[in-house]
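First the proteins, then the strands, lettered A, B, ... as listed; each starts at 1. What you see is a predicted model, and the numbers here were worked out from it, not measured in a lab.
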Amino acid sequence: MEMQKNYNPQEFEGRIYKDWEEKGYFTATPNDKKIPFTIVIPPPNITGQLHIGHALDETLQDSIIRFKRMQGYEALWLPGTDHASIATEVKIVEMLKSEGISKEELGREGFLKRAWQWKEQYGGRIVEQLKRLGSSCDWTKLAFTMDERCSRAVREVFVNLYEKGLIYQGSKIINWCPCCKTALSDAEVEYSEEDSYFWHIRYPVKGEPDRFVVVATTRPETMFGDTAVAVNPNDDRYKDLIGKTLILPLVNKEIPVVSDDYVDLEFGTGCVKITPAHDPNDFEVGLRHNLEVIRVMNDDGTMNELSGRYNGMDRFECRKRVIEDLNYIGLLEKFEPHKHNVGHCYRCKNSVEPIVSKQWFVKMEELAKPAIEVVKNNSIKFTPERFTKIYYNWMENIKDWCISRQLWWGHRIPVWYCPDCGEVMVVKEDPTSCRKCGSTKIYQDEDVLDTWFSSALWPFSTLGYPEMTPELKYFYPTDVLVTGYDIIFFWVARMIFSGLEHMKRIPFKSVLIHGIVRDDQGRKMSKSLGNGIDPLKVIDEYGADTLRFSLLSGVAQGSDIRFSKEKCESSRNFINKMWNASRFVLMNAEGIEVLPLEKCKLNVCDKWILSKLNSCIKNVTLSMEKFDLGVALSEVHDFMWYDFCDWYIELTKTALYGENQVVKQNTVSVLIYVLSETLKLLHPFIPFVTEEIYQNLPNTTQSIMVSQYPKYNTRKTYKKDLEKMNSVMDIIKAVRAIKVQTGAPNSKKVDLLVVTNNQKLVKDTQNYIQKLAGVNEIKFVSSKQEINEKVVSQILNGFEIYIPLGELVDISKEIERLKSELQSVEGEIARAEGKLKNEGFISKAPKNLVDAEKQKLEKYLGLKAKIMLNLKEYES
RNA sequence: GGAGGCGUAGCCCAGUUGGUCAGAGCGCUUGCUUGACAUGCAAGAGGUCGAUAGUUCGAGCCUAUUCGUCUCCACCA
């Protein structure tokens, strides 16, 4: 099979993926002879399609799972999608709106029908996109957070927690989104600083004309819900007011003045209006003082009948009107600009209202303790480690989790009420009648669960929980969870306490945190900026491997990465380089029987590249084990390009273009071996192209996907040959440099005079020196003095090389170079001497270091002498 | 208010436990169609590692302070 000149991914990526899939390579089954390695995918939301951030997440996971699979683990990457309750519902409502329908018009049943259609469409699309990325997911286990399996798990968990008293219903202050008309958990609120005003309002004191208490507020529209004004008990200004009664303006309601430590003397006026129904702190104050909780706002953000004449008005309109009216009646003392943080719904971005509402909660205190413990005792490790602090911070200050949502798309809360006898049934199977009185009029709770309630169970619900299936037994706990730092609270933390509570075991051993993908200017990708990158377009243009390479190259754990066209291009260039190197190897291997390495006679170059390969394997494996994929990738990249292509391939040309068939066969065999091993190292990162090339190698019998990952072998490091080749390479580089610096034409071949006591090495490798450095004839001389003509020189470690000037034109440049070299050598000498003169260094530094320094000094002194000698000669 | 990240070549970033680590890529300069590759090859230029002080025989790496920048958490009405 003929390889094309340039790498062209479109030709093979689709075909290869299909082939893998058909052969069943992605499927993992419990196997006692193998060790399991499991990753569950962070299920993408079915709200739309995959973005570049997903591509990063999936590429990391796929690379890890492919690595482990090749290492011989029973590697399972379990795929799936998330119903994303509120996010999807928002999208569907938008879609309906464009059709001119509201969700209420459609009704719950009709709405859910549309939602499932949506799920089919977008869920399917996401799966296709994952496949195009090359994801080696076990599709036979594809899950969805609302499928039968996961729903059963949700039901089981809810009932268990309820029966333990860890789920309860209560009226508390929650975050309410008036736009989505649902409660939100604390984590679902995003705060941002906004310019507003601090309004100072006079509340008249009852029975004392012209006396006012001035309260400062940012939310005057909630004043109708005020049930007290609080002052600090130690505030001398207001001591006499405590216990008195105030008249709430505009509605002329009587409210007391209470004292509470919560009030800060320094802030505002020192008097705080207390609105228990609309502020979390006020709610607490209200509890302490037994205050009435008066809710003045409707679910949609309009004012209700308790707000008097403002009834029905939107909250912001009401704020404006209240201020105007207070001003009109002279009760607005003043207002000043004020910046404060306002909470917004993480889905629709509208500002949320703290509101008292009856909701379902999970009691967190007991669940959090063991979840903290498993991280403290290292059962679960965060990479990078600094995220453990963020985790502790959240877990240690956690409040009860509001899990009910006033939405339709999601897991409906498994609670049934009996209107006849008031029985509440929390059960695993849908009941048809009241278990107490037998009434059939029972009805189910209208609300659904927070979408994260089901995601929290993902590592075990997908494997069969509550049933102890063979899969659950074998693959749980999973090994690594790969995700962005943005969902540590939403998801990672909740999976940890859920796993511990329901499985009695951690859900995963380590958490690999990555950052977000930014654009080429370092900006976050966003719809408003329009700077989003569609991974599919990148695949269309460059291929999936290039996309993957770009995402992985330079990923440092936990930090954000930039994505740019330049990056894509340099990734593609690398793959193209590798492609062509392979093409070279294959062209030369044609018609030659490839020998196993053991039967090859290895020369110094072969041993050198094998040693380099060996240490590359060691380093790459080490980095992979640490999930440091960026480092691992750059390690193979460097080996492939700088060692294999730039040096080894060039070195083999003397053999390949020579006449000796045995040497040729040996060389081809080594080339094939090294290439094949390198392809394996690269396969987890760029699976398609490595497979395509691998299939073209002679003697390939299987897919590279299921081949064995290269292993480090101490016997395959040839230390002496490494040293020899370093010398040879030094000589070649020196000759090249001299030629360039003296302005010799590239095509011009030069003679080379060498002073050395290691003539054998030069003789053994003279073919390479001649070919790679453009050298004509190599002669040995005993010393510089023996040379009669004008030469340019280079002093190396153990070698002095001289090139007769001949027609080489410009030696002034060489003099310049020598001078600057002299300068740096003198610098080194000064540094070494300084160190060695330092008593502290001699006595306290390790001995080998001191010795090394002494040797260095000697070496540089010798170098200096020779450089000066040469300089003197040129200048004469 | 609390916590954390980052600040190294023109740009974007690597630098494991302090001692050949001052590095890669892109860009730049010079020269090359050298029988795999111009998506390439060869040779170069370019940085007092944000600032200051300290610990140490020795600091990009440790400590303190400071400046700049970004992020997360809390949310004093």
Shorter than 3.5 Å, N or O on both sides, protein versus nucleotides 17-27 of chain B: list them out with atom names.
residue : atom : partner   : partner atom : Å
G25(B)  : OP1  : Tyr642(A) : OH           : 2.9

Rounded to the nearest 0.5 Å, how far does OG of Ser185(A) lie from CG of Asp400(A)? 12.0 Å

Atom P, compared across G15(B) and G27(B): separation rounded to whole Å: 23 Å

Assign Val272(A) to base, sugar-phosphate, or nothing according to its heavy-atom contacts below 4.0 angstrom with the strands shown. base

Identify, between Asp520(A) and Pro280(A), the residue whose nearest nucleotide on RNA chain B lies closer to the 5' end. Asp520(A)

Could you give me the CA-CA distance, side-chain angles and deciding distance for Lys618(A) and Glu635(A), then say whether salt bridge (Lys or Arg N to Asp or Glu O under 4.0 Å) is met? CA-CA 10 Å; Lys618(A) 184 182 175 185; Glu635(A) 195 81 40; over 6 Å; no

Within less than 4.0 Å of OP1 or OP2 of G2(B), is there a side-chain N or O belonging to Lys389(A)? no

Whole-Å distance separating the CG atom of Asn6(A) from the P atom of A38(B): 7 Å

Let me confirm one number: the OG1-CZ distance from Thr222(A) to Arg319(A), rounded to the nearest 0.5 Å. 8.5 Å

In whole Å, what is the span from the CG atom of Asp646(A) to the P atom of C37(B)? 15 Å

Taking the P atom in each of U66(B) and G1(B), what is the distance between them to the nearest angstrom? 14 Å

What I want to check is whether an N or O donor and acceptor connect the side chain of Glu650(A) with the base of A36(B) at under 3.5 Å. yes

How are the rings of His637(A) and Phe549(A) set to each other: parallel, tilted or perpendicular (split at 30° and 60°)? tilted

Which base sits across from G35(B) as a Watson-Crick or G-U pair, both distances under 3.5 Å? none

With a non-hydrogen cut-off below 4.0 angstrom, is Cys271(A) in contact with a base, only sugar-phosphate, or nothing? nothing

Angle between ring planes, Phe382(A) versus Tyr391(A), binned at 30° and 60°: parallel, tilted or perpendicular? tilted

Hey, is the side chain of Lys577(A) poking within less than 4.0 Å of OP1 or OP2 on C37(B), counting only N and O atoms? no

NZ of Lys739(A) versus C1' of C32(B): gap in Å, rounded? 11 Å

Rounding to an integer number of Å, can you tell me how far Leu772(A) CG sits from G35(B) P? 14 Å

List for me each residue that meets side-chain hydrogen bond (donor to acceptor under 3.5 Å, both in side chains) alongside Gln770(A), sequence neighbours excluded, and say none if there are none. none

Under 4.0 Å, heavy atoms only, any strand: does Tyr262(A) hit a base, just the sugar-phosphate, or nothing? base

Suppose you measure atom P in C76(B) against the same atom in A9(B); what distance do you get, rounded to whole Å? 44 Å

Taking A14(B) as the reference, what is the distance to G58(B) when you measure between their C1' atoms (whole Å, please)? 24 Å

Decide side chain to side chain donor-acceptor pair (under 3.5 Å) for Glu385(A) and Thr388(A); before the verdict, give the C-alpha distance in whole Å, the side-chain angles of both, and the deciding distance to 0.1 Å. CA-CA 6 Å; Glu385(A) 213 203 326; Thr388(A) 54; 4.8 Å; no

Sequence neighbours left out, what passes side-chain hydrogen bond (donor to acceptor under 3.5 Å, both in side chains) with Lys577(A)? Give chain and number order. none

Shortest side-chain distance from Tyr657(A), nucleotide among G4(B), G35(B), U39(B): G35(B)

Suppose you measure atom P in U39(B) against the same atom in G44(B); what distance do you get, rounded to whole Å? 24 Å

Taking the side chain of Arg583(A) as its heavy atoms from C-beta onward, which of A36(B), C73(B), A43(B) lies nearest to it? A36(B)

Going through the checks in order, is the side chain to side chain donor-acceptor pair (under 3.5 Å) test met by Lys273(A) and Thr275(A)? CA-CA 6 Å; Lys273(A) 67 195 260 312; Thr275(A) 324; 3.1 Å; yes

Any side-chain N or O of Arg219(A) under 4.0 Å from OP1/OP2 of A77(B)? no

Lys399(A) side chain N/O closer than 4.0 Å to the phosphate oxygens (OP1, OP2) of C75(B)? yes

Euclidean distance for C1', C70(B) against U56(B) (whole angstrom): 33 Å

Just how far, in rounded Å, is P of G7(B) from CG of Asp560(A)? 13 Å

Re C62(B): Watson-Crick or G-U wobble partner, both distances kept under 3.5 Å, found to be G54(B)

Whether Phe198(A) and His338(A) hold their rings parallel, tilted or perpendicular, with breakpoints at 30° and 60°: parallel

By nearest atom, which of the nucleotides A77(B), A14(B), A36(B) is closest to the Phe267(A) side chain? A77(B)

Base, sugar-phosphate or nothing for Lys567(A)? Non-hydrogen atoms, less than 4.0 Å. nothing

Rounded off to whole Å, could you give me the CZ-to-P distance for the Phe489(A) and C73(B) pair? 6 Å

Any base atoms under 4.0 Å from Ala230(A), or only sugar-phosphate, or nothing? Heavy atoms, all strands. nothing

Is it true that a side-chain atom of Arg494(A) and a backbone atom of Phe490(A) form a donor plus acceptor pair closer than 3.5 Å? yes

Arg386(A), nearest nucleotide to its side chain (from C72(B), G5(B), A77(B)): G5(B)

Which base, if any, makes a Watson-Crick or G-U wobble pair with G23(B), both distances under 3.5 Å? C13(B)

side-chain N/O Lys5(A) vs A38(B) OP1/OP2, d < 4.0 Å: yes

Given the C1' atoms of G46(B) and C26(B), what is the spacing between them in whole Å? 14 Å

Given that both distances must come in under 3.5 Å, which nucleotide forms a Watson-Crick or G-U wobble pair with C6(B)? G68(B)

Spacing of Met395(A) atom CE relative to A3(B) atom C1', expressed in whole Å: 18 Å

P gap between U20(B) and C6(B), integer Å: 22 Å

Complementary nucleotide of G44(B), counting Watson-Crick and G-U pairs under 3.5 Å: C28(B)

Checking all strands, does Asn341(A) fall into the base, sugar-phosphate, or nothing category for heavy-atom contacts under 4.0 angstrom? base

I need the CG-P distance between Asp261(A) and C76(B), as an integer number of Å. 16 Å

Which nucleotide wins on minimum distance to the side chain of Ala737(A), given the candidates A77(B), C75(B), A43(B)? A43(B)

Touch class at under 4.0 angstrom, heavy-atom based, for Asp264(A) against every strand present: base

